[in-house]
Amino acid sequence: MSLEKLSKTSQQIALVDCNNFYASCERIFKPKWAKRPLGILSNNDGCIVARSNELKEAGIPMGAPYFQIRDQLDEMKAVIVSSNYTLYGNMSARVMNTLGQFTPEIEVYSIDEAWLDLSGFCHLSLDAYAREIAATTLRHTGIPVSVGIGPTRVLAKIANRVCKKRKIPGRVFNLGSAESLDHVLETIEVQDIWGIGRRLSKKLRASGIHTAKNLRDADPDSMRRQYSVVMQRIIMELRGVPCIGVEEIQPKKQIISSRSFGERVVELEPLLQSVAMHSTKAAEKLRSQNSVCGAIQVSIRTGRHNPDEEYYSQSALAKFAMPTADTRKLINAAGQVLRRIYRKGPRYAKAGVMLLNISQDNAMQGHLFQERDSEKAIALMNTVDQLNRLYGRRAVFFASEGCTQQWAMRRQQCTPAYTTRWDDLPVVR
DNA sequence: TCTGGGGTCCTAGGACCC
DNA sequence: TCTGGGGTCCTAGGACCC
């Protein structure tokens, strides 16, 4: 497809992506870290989940286990911190809020990314407008962002990638004003296309498809037969034909709460506590989207990486006769399920629950013999949610969650919640 | 020994994303 | 010793029904 044709396509999608988001958040409140290599650890301080440019350039891979690269990081004099999701969540809200001032057509895609539909803006002013978006976001929030623009989401993603790779001044790259679309697509390897992961890229390469250009020029129908409808859509999007729509924010179809333990757990009692806590957290999320669930699944497992230790992983499910959002019913059911799958012996590393068969509670119908959540139960849950919102998480909680939670996750090097706790407000001298 | 055909619904598992 | 958490979508295959 020619560039000319591309630029005339009516839809213009921008993908705004925060640069090294977690690292950028940390640096705002620690200016002296601006020049130092900076890495952020996953929950439980297990592995590296975010890296500043210095770490990326040093070849530290995403997801690297911390204990394996610790010496290397020390040698680089890198700053390594636990992840501070309270801070990132709050900074994310500020960024999204700023972006929302530029267009109502915004879809928040992840904590550090948003799609903007800029179709209304004429081609000439588009680049300038996007540069203004990037500059304003930096000024208002301190977070640098990159903007990629294209006629489809897959192409906007590619544009965003090019923008970051080439470190484009102004932090905007519009495929519609690129030198040559073919040339750009030739530089994109197939595994770097949105929707093509490790498995698919391996298969594609084996059949001679190495770049985005190769994939675009493959036959969509035969590729659909060979792979799936997902592959066909990606090809069409590479050709500038929108196939992946702008979905409004839908209620979640499943809600998960799970976490690794700070240390291994053997006994049933602490497992019961953690499963009760996860039920509570999941139920809060469920109620916050005004839903009820029809089933709860509980899972437990040992560590996955020790070949000398038997791997045990088990999950099971309880269904409710009537959908519910009552934490007490969820905790109760989860406890029963856990007793079914618990074996004494294994050193458990992780436990969690998943809420399934989620529906909107206003769509619920009564049943002759089974009661839906009573008015009283609903009122109680609302009160619990309100108290916790007002006075902080776990202001009130269920005794079955345990008071001390010895198994809670490790976060040994967490920075303060600068923007959301009075005690942690930064002090200016 | 031989034992239909087609539709629908549900679930498990695979693959991907950030 | 130590290896994240939370989602979505698609497909294949089994159960069940007529």
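Lettering follows sequence order; numbering is per chain, from 1. Only a predicted model underlies this, so the values are computations on that prediction, with no experimental measurement involved. Hydrogens, waters and symmetry mates play no part in the numbers below; they use all other heavy atoms, side chains included.
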Undergrad: What is the distance from CD of Q250(A) to C1' of dG7(C), rounded to the nearest Å?
TA: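 Value for this atom pair: 14 Å.
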Undergrad: Tell me whether the side-chain N/O atoms of R70(A) come closer than 4.0 Å to OP1 or OP2 in dC2(C).
TA: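 No, R70(A) has no side-chain N/O under 4.0 Å of OP1/OP2 on dC2(C).
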Undergrad: Take atom CG of N306(A) and atom C1' of dT1(C), then tell me their distance rounded to the nearest Å.
TA: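 In whole Å, dT1(C) C1' and N306(A) CG are 10 Å from each other.
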Undergrad: Any side-chain heavy atom of V145(A) within less than 4.5 Å of one from I133(A)?
TA: no
Undergrad: Over how many whole Å does the gap from I48(A) atom CD1 to dC18(B) atom P extend?
TA: 19 Å
Undergrad: Quick check on contacts: within residues 266-275 of chain A, what sits under 4.0 Å from DNA chain C by heavy-atom distance?
TA: none
Undergrad: Under the criterion salt bridge (Lys or Arg N to Asp or Glu O under 4.0 Å), I'd like the reasoning laid out for R393(A) against E401(A): C-alpha separation, chi angles, the key distance, then a yes or no.
TA: CA-CA 13 Å; R393(A) 270 200 50 229; E401(A) 296 175 57; over 6 Å; no
Undergrad: Using whole Å, report how far CG of D308(A) lies from C1' of dC2(C).
TA: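 Whole-Å distance recorded here is 15 Å.
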Undergrad: Quick one: pull up OG in S315(A) and CE in M354(A) and give me the separation to the nearest 0.5 Å.
TA: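 One gets 7.5 Å once the value is rounded to the nearest 0.5 Å.
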Undergrad: Consider the side chain of R304(A), meaning its heavy atoms from C-beta on, and name the nucleotide among dA15(B), dC18(B), dG4(C) that approaches it most closely.
TA: dG4(C)
Undergrad: Which residue, Q254(A) or Y66(A), contacts DNA chain C at a nucleotide closer to its 5' end, judged by nearest heavy atom?
TA: Y66(A)
Undergrad: Could you tell me the separation between the CZ atom of F261(A) and the C1' atom of dT1(C), rounded to a whole number of Å?
TA: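 Nearest whole value for this atom pair: 17 Å.
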Undergrad: Based on Watson-Crick and G-U pairs with both distances under 3.5 Å, what dot-bracket line describes DNA chain B 5' to 3', crossing pairs as [ ] and inter-strand pairs as |?
TA: ....||||||||||||||
Undergrad: Pick the C1' atom in dC17(B) and in dG4(C), then give their distance to the nearest Å.
TA: 15 Å
Undergrad: Check the phosphate of dC2(C) against R347(A), side-chain N and O only, distance under 4.0 Å to OP1 or OP2. Yes or no?
TA: yes
Undergrad: Out of curiosity, D192(A) CG to R161(A) CZ, how far, rounded to the nearest 0.5 Å?
TA: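 That separation rounds to 3.5 Å.
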Undergrad: Report the distance from atom CE of M231(A) to atom P of dC17(B), rounded to the nearest whole Å.
TA: 11 Å
Undergrad: Any side-chain N or O of K350(A) below 4.0 angstrom from OP1/OP2 of dT3(C)?
TA: no
Undergrad: Rounded to whole angstroms, how far apart are CZ on R410(A) and P on dG5(C)?
TA: 11 Å
Undergrad: Could you go over nucleotides 8-14 of chain B and give all protein N or O partners under 3.5 Å, atom names and distances?
TA:
| from | atom 1 | to | atom 2 | distance (Å) |
| --- | --- | --- | --- | --- |
| dT11(B) | OP1 | K319(A) | NZ | 3.0 |

Undergrad: Please report, rounded to the nearest Å, how far the C1' atom of dG4(C) is from the OH atom of Y22(A).
TA: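 In whole Å, dG4(C) C1' and Y22(A) OH are 10 Å from each other.
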Undergrad: Measure from the side-chain heavy atoms of W194(A) and tell me the nearest of dC18(B), dG7(C), dT3(C).
TA: dC18(B)
Undergrad: Judged by each residue's nearest nucleotide on DNA chain C, which is more toward the 5′ side, R224(A) or S260(A)?
TA: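 The residue whose closest nucleotide sits nearer the 5' end is S260(A).
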